[in-house]
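Letters A, B, ... are given to chains in the order of the sequence lines, protein chains preceding strands, and every chain is numbered from 1. Worth knowing before you read on, the calculation uses all heavy atoms, side chains too, and leaves out hydrogens, waters and symmetry mates.
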Amino acid sequence: MTDTLAEHAARDLKAGTPLVEMDGCGKSYGAIRALEGINLTVNAGEVACVLGDNGAGKSTLIKIISGLHPHTEGTVKVDGKEVHFGSPRESLDHGIATVYQDLAVVPLMEVWRNFFLGSEIRKGSYPLAPLDIKAMREIADAELQKMGIVVKDINQPIGTLSGGQRQCVAIARAVYFGARVLILDEPTAALGVKQSGVVLKYTAAARDAGLGVVFITHNPHHAYLVGDHFIILKLGRRVLDKKRSEVTLEELTTEMAGGQELAALSHELER
Amino acid sequence: MSSSVVTKPSAAPPAPPPGRAERSLVSRVLARPEVGALAAAIVIFAFFYAIAPPFRTLPALATVLYASSTIGIVAVGVALLMIGGEFDLSAGVTVTTTALASAMICYQFSLNMWVGVVVSLLIALVIGFVNGYLVVRTGIPSFLITLSTFFILQGVNLGVTKLVTGTVATPNTSNLDGFDQARAIFASDVPLGFMTVKVTVLWWLVFVAVGTWLLLRTRTGNWITASGGNAASARAVGVPVRRVKIGLFMGVSFLAWFLGMHLLFNFSTVQAGLGVGNEFIYIIAAVVGGALLTGGYGSAVGSALGAFIFGMTTQGIVYAGWDPNWFRTFLGVMLLLAVMVNLYIKNYAAQRR
Ligand SMILES: Nc1ncnc2c1ncn2[C@@H]1O[C@H](COP(=O)(O)OP(=O)(O)O)[C@@H](O)[C@H]1O
Ligand SMILES: [Mg+2]
């Protein structure tokens, strides 16, 4: 599966160069302040893990980078230039691809149509130019095989694939279209152990191919397997921000489980 | 614009993928949205063919096809709109609005009929645009937005006609310039050699073909299905969901305009109360043809089969000598059956295999 990545990953990527920089970023939904004061740098060839409990603001954070909601405070820079994305298209045009936890695919559409959705191959560039269906079927089929995703038929609705396979199709699609920054929102949340393993391997492969990866999860074990940098969010604020060398799995686990609060709770519940 | 990100996808992979288990023919055919409607159309045709001798003649077939086309033309647009995840309850009265506008403008100012044709087209497109814009802008379900448009237009149709003509119908427009020319396009009889059909039947087939091609063979079609199937995912991969939906509403009102022009040039005068209730027939045709009410699934050919079932039944009941009052009951039963069959088919298609 690394072939696909090496083949399609952007060639101008040099490990360690900052691709996305968020500075003092925040987002309010009307009166609800979902996120505030976030500093996050995504470097090429590194995995930045964002951890946090449900409602911590993880999805909100990545929706800013992927252009689904614009930020209301602070600045976001891509390749050193300040941006303010008004739509996912703008973010995609900067090479930022997102695989959402809940909205990765359109279940009743065929696998190949899902693979190419939004980036269809056409036999011309005039309006209503016909699709090059044969090419799209072949490419989608070949790319998925390279990733080890076995679909019976590329024409079957993607809803017939397992959760892990759908997630992998969405990731393969992002990489195939030359993403430089790959954002994964809780890609392993709904998956079993084996399927999670596949997604984690693929995440590591994307990193090794030089992509900047933002990996969202509430599972510190998964994060620690692939992460270079860890940020823990709690109620929209950053409560931990450390490099891999500065933190152990135990610390992450404790912090995720509630840290001090947990100690207090265990004291309270003592029998 | 396919991939404006840094790296372009490289050329097609060298080795063709090894053969895979093709899904069986049965499962591929059953995965088509229109199978249920096709089966029903065959059964209903055979039924009336058996019990109603007048139904067996070619002129009867021409009548059935004509009745089907007056529903089917708008139903194509409604089916695409439903695949795109929205409803239009104002389509039936929009037909009347365009016919009335065209007739009254030309009659009052003694204009060439073509002026009316063009002006009413603009009116139709504005109605479609407003419907679509309000839906995508406010996020209010299209059911409610177009229900409002339905009432507004119904009132306008009656009120304005009364104001302008003093009655509930337009004057006869058949002596105006350009009438005969426009009639040739919208309402002529076309001899096919073995039978003569209304030109709307041919237009209907053209619109169904265009709708099918659009849906299955173009990027726009992909975007329509995705917008209805999962609008948030579609938007996330860069599909302009709002533009797609506004376009679909305008497509419906364009087809409503086309039917409005047919009615005007076929009958020369227009009743202001016409068209109410037809919006449901269009929706029924689309649903019987396999469109899901929740969007993301359906077909243009299916809507044509739905309209054909409608045409066969309205005429078949007459040919069989039954009381036509039962027609609505039949329609209700058909709809219920269609919805249940479609649910079964959808579950079958989406099953893990
Ligand atoms: N569209 C929205 N409108 C209003 N509030 C929202 C919206 N999306 C998220 N929120 C709120 O923002 C907070 C963070 O949500 P989210 O980013 O989805 O958390 P996570 O992904 O970490 O579970 C929650 O309190 C949630 O209720
Ligand atoms: Mg979330």
Side-chain angles (χ1 to χ4, degrees), chain A residues 7-13 66 68 87-89 92-98 100 102-109 113-114 116-122 125 127-131 133 135 138-139 141-143 145-146 150-157 159-162 173 176-180, chain B residues 1-18 20-24 27-28 31 33 83 210 213-214 216-223 225-242 292 294-298 346 348-353:
Chain A
E7 200 176 308
H8 297 297
R11 311 203 192 290
D12 63 341
L13 292 173
S66 59
L68 226 47
S87 78
R89 186 79 255 170
L92 284 165
D93 289 347
H94 279 82
I96 299 171
T98 311
Y100 295 91
D102 43 356
L103 23 125
V105 296
V106 183
L108 280 173
M109 280 177 97
R113 283 192 196 264
N114 263 289
F116 282 96
L117 185 59
S119 309
E120 291 85 353
I121 303 178
R122 301 190 297 162
S125 51
L128 300 186
L131 294 172
I133 294 178
E138 282 173 6
I139 294 172
D141 204 20
E143 291 299 319
Q145 288 210 343
K146 279 194 230 161
V150 182
V151 291
K152 257 196 195 160
D153 180 351
I154 202 79
N155 300 313
Q156 74 195 73
T160 59
L161 300 186
S162 75
R173 165 174 77 187
Y176 178 76
F177 289 107
R180 307 168 63 232
Chain B
M1 67 150 288
S2 64
S3 62
S4 16
V5 281
V6 170
T7 316
K8 292 282 180 276
S10 58
R20 298 216 173 149
E22 277 273 298
R23 283 180 307 161
S24 72
S27 95
R28 266 182 297 154
I83 295 168
V210 170
W213 180 78
L214 193 70
L216 297 178
R217 292 276 178 268
T218 70
R219 186 173 74 181
T220 310
N222 239 18
W223 291 358
T225 313
S227 298
N230 192 339
S233 314
R235 188 165 118 75
V237 291
V239 174
V241 173
R242 293 178 168 200
L292 278 185
T294 43
Y297 194 70
K346 183 204 160 194
Y348 184 87
Q351 228 170 47
R352 290 247 197 111
R353 275 185 297 275

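- Residues satisfying the side chain to side chain contact (heavy atoms under 4.5 Å, CB included) criterion with B/L216, sequence neighbours excluded, are A/R113, B/R32, B/T212.
- Smallest separation of non-hydrogen atoms from B/V237 and A/R89: O-NH1, 3.9 Å.
- Listed by chain and number, the residues in a side chain to side chain contact (heavy atoms under 4.5 Å, CB included) with B/T220 are A/L128, B/L214, B/T218, B/I224 (sequence neighbours excluded).
- Side chain of B/R235 to main chain of A/L68: a donor-acceptor pair is present (N/O by atom type, distance under 3.5 Å, no hydrogens or angles).
- In this structure, the separation between CG on A/L117 and CZ on B/R219 is 11.0 Å, given to the nearest 0.5 Å.
- Considering every non-hydrogen atom in both A/P107 and B/G229, the closest pair reads CD-O, 4.5 Å.
- The heavy-atom pair separating A/V106 from B/S233 by the smallest distance is CG2-CB, 4.3 Å.
- Minimum interatomic distance between B/A236 and A/P88 (heavy atoms only, all atoms of both residues): O-CB, 3.7 Å.
- Residue contact with chain B, scored on non-hydrogen atoms closer than 4.5 Å, involves the side chain of A/I133 exclusively.
- Considering B/L292, B/T225, B/N230 as possible partners of A/L108, the one that fulfils the side chain to side chain contact (heavy atoms under 4.5 Å, CB included) test is B/L292.
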